[in-house]
**Student:** 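Got a structure here, written out as structure tokens. Questions coming.
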Amino acid sequence: MPLLSRDYYTQDATTVARTLLGATLVRQIDGRRISGRIVEVEAYHQQSDAASHSHRGQTPRNQPMWGTPGHAYVYFTYGMYWLLNAVCEPVDYPAAVLIRAIEPLDGLDLIAAHRDGRSPKEWTSGPGRLTRALAITGDLNRADLTLQTSGLWIETGDPVPDDQVKTGPRIGLGTRVPEPWLSMPWRWWVANNPHVSRVRAGSG
DNA sequence: ACGGAGATCTTCT
DNA sequence: GAAGATCTCCGTT
């Protein structure tokens, strides 16, 4: 399948987030392909969005958000986890989409190895889990998602129709994030998909 | 099933 | 010095 283009990522973060559902996230390691269907995302807008890393201005960590759209913004958090974002909107407009969950497609043996001992439902159902499953670390910060040479890219997939998409507030924001940002419905996921994060009985 | 806390470190106050 | 776009383990029910 063709790769998503620079022009695609240059759109606003809301549009990119919604349409990334159904696309295929691909990682290539030593010629082996690991991939998954994107089933959960969150949009982080520009500096007016108090929940976004870009809110308090540019820092060494969040600098990729101001950079070229279509590149990866990979950051380390909680002392343990790498989180993957796709940079959106034009240069100098700091916005990104957080990839929160994928449905494994290719390279299941490698994913299982990276997620040693866990059940398939826990392989990629969360932003910190999927980066471990795909061996994504800070080495891939600023990687160009529109090129296969980066080892990390996104391909087009089957679009997910509106009746299979749910939206709601973003997850994991601290209570210090003020309204209305705390409640903005900028999380999108595929309804009833078992690989979406924080799935509990009846909440899919 | 649910809740609490630890892990572990970068970044910002 | 504290919190963080998280996950896992271990306790109790």
Side-chain angles (χ1 to χ4, degrees), chain A residues 9 12-14 16-18 20-21 25 36 38-67 71-89 93-102 104 111-142 145 152 166-189 194-204:
Chain A
Y9 293 103
D12 70 89
T14 302
V16 173
R18 167 63 183 83
L20 271 181
L21 292 179
L25 177 65
I38 298 173
V39 296
E40 181 184 358
V41 294
E42 284 177 0
Y44 288 86
H45 292 264
Q46 41 101 357
Q47 294 187 45
S48 65
D49 177 3
S52 174
H53 283 176
S54 57
H55 178 58
R56 296 185 184 275
Q58 198 167 327
T59 69
R61 178 172 75 159
N62 66 21
Q63 198 279 333
M65 294 185 77
W66 276 260
H71 283 239
Y73 167 38
V74 180
Y75 73 90
F76 192 61
T77 192
Y78 294 106
M80 300 184 73
Y81 299 106
W82 295 100
L83 270 58
L84 170 66
N85 296 258
V87 174
C88 300
E89 314 234 20
Y93 191 102
V97 172
L98 172 68
I99 312 293
R100 286 193 56 90
I102 63 175
I111 291 177
H114 294 155
R115 299 290 296 141
D116 180 47
R118 274 104 184 158
S119 71
K121 202 164 50 179
E122 296 172 322
W123 282 353
T124 56
S125 54
R129 290 173 174 174
L130 76 88
T131 55
R132 288 201 167 167
L134 272 57
I136 294 168
T137 68
D139 291 347
L140 287 164
N141 193 25
R142 304 170 186 272
L145 300 174
L152 182 67
K166 293 199 173 188
T167 68
R170 294 169 289 184
I171 286 182
L173 306 184
T175 53
R176 289 174 22 271
V177 173
E179 296 292 358
W181 312 112
L182 192 57
S183 299
M184 292 302 282
W186 287 340
R187 173 183 177 233
W188 289 259
W189 69 95
H195 301 279
V196 167
S197 70
R198 295 208 181 180
V199 171
R200 296 283 185 261
S203 71

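Each chain gets a letter, A, B and so on, in the order the sequences are listed, and its residues count up from 1.
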**Student:** Just the rounded figure in Å: distance from P of C:dA5 to CH2 of A:W189.
**Tutor:**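 Nearest whole value for this atom pair: 19 Å.
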**Student:** Do A:Q63 and A:R142 get their side chains close enough for a donor-acceptor pair, meaning under 3.5 Å?
**Tutor:**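 A:Q63 vs A:R142: donor-acceptor pair found between side chains.
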**Student:** Counting just side-chain N and O atoms, does A:R176 come under 4.0 Å of either OP1 or OP2 of C:dA2?
**Tutor:**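 Answer is no, no contact under 4.0 Å.
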**Student:** Less than 3.5 Å apart, any donor N or O on the side chain of A:S197 or A:E40 sitting next to an acceptor on the other?
**Tutor:**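 There is such a pair (donor and acceptor under 3.5 Å, judged by atom type) between the side chains of A:S197 and A:E40.
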**Student:** Do A:H45 and A:S54 have a side chain donor and acceptor closer than 3.5 Å?
**Tutor:**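 No, no side-chain donor-acceptor pair sits under 3.5 Å.
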**Student:** Look at all strands and tell whether A:L98 reaches a base, only sugar-phosphate, or nothing, counting heavy atoms closer than 4.0 Å.
**Tutor:**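 If one applies the 4.0 Å heavy-atom cut-off, A:L98 turns out to touch a base.
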**Student:** How would you label the contact of A:Y78 with the nucleic acid (heavy atoms, under 4.0 Å): base, sugar-phosphate, or nothing?
**Tutor:** base
**Student:** NA contact type, A:G128, heavy-atom cut-off 4.0 Å: base, sugar-phosphate, or nothing?
**Tutor:**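 Since only primed, P, OP1 and OP2 atoms lie under 4.0 Å of A:G128, the category is sugar-phosphate.
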**Student:** Would you mind reading off the distance between A:W82 atom CH2 and B:dT8 atom C1', rounded to a whole angstrom?
**Tutor:** 13 Å
**Student:** Expressed in angstrom and rounded to an integer, what is the separation of A:E40 atom CD from C:dA5 atom P?
**Tutor:**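 To the nearest whole Å, that distance equals 16 Å.
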**Student:** Think A:R61 has a side-chain N or O under 4.0 angstrom from the OP1 or OP2 of C:dG4?
**Tutor:** no
**Student:** With a 6.0 Å cut-off on the ring centroids, do A:H53 and A:Y44 count as close?
**Tutor:** no
**Student:** Would you kindly give the OH-to-C1' distance between A:Y81 and B:dT8, to the nearest whole Å?
**Tutor:**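 After rounding, the reported distance stands at 10 Å.
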**Student:** Round to the nearest Å and state the distance from A:I171 atom CD1 to C:dA5 atom C1'.
**Tutor:**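 The distance from CD1 of A:I171 to C1' of C:dA5 comes to 10 Å, rounded to the nearest Å.
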**Student:** What is the pairing partner of C:dA5, taking Watson-Crick or G-U wobble pairs with both distances under 3.5 Å in any strand?
**Tutor:** none
**Student:** Please state how far atom CG in A:L83 lies from atom C1' in C:dA5, giving the value in whole angstrom units.
**Tutor:**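 One finds 6 Å between C1' of C:dA5 and CG of A:L83, rounded.
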**Student:** Would you measure the distance from the P atom in B:dG3 across to the matching atom in C:dA5 and give it in whole Å?
**Tutor:**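 Taking atom P in both B:dG3 and C:dA5, they lie 23 Å apart.
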**Student:** Using the ring of A:Y73 (Phe, Tyr or Trp, six-membered ring only), decide whether A:R61 places NZ or CZ under 6.0 Å from its centre and within 45 degrees of its axis.
**Tutor:**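 Output no; distance or angle outside limits.
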**Student:** Answer with base, sugar-phosphate or nothing: what part of the nucleic acid does A:R118 contact at a heavy-atom distance below 4.0 Å?
**Tutor:** sugar-phosphate
**Student:** Looking only at side-chain N and O atoms, does A:R115 come under 4.0 Å of OP1 or OP2 in C:dT8?
**Tutor:** yes
**Student:** Can you tell me the distance, in whole Å, between the CD1 atom of A:I136 and the C1' atom of C:dT6?
**Tutor:** 15 Å
**Student:** Quick one: A:M80 CE to C:dG4 C1', roughly how many Å, whole number?
**Tutor:** 14 Å
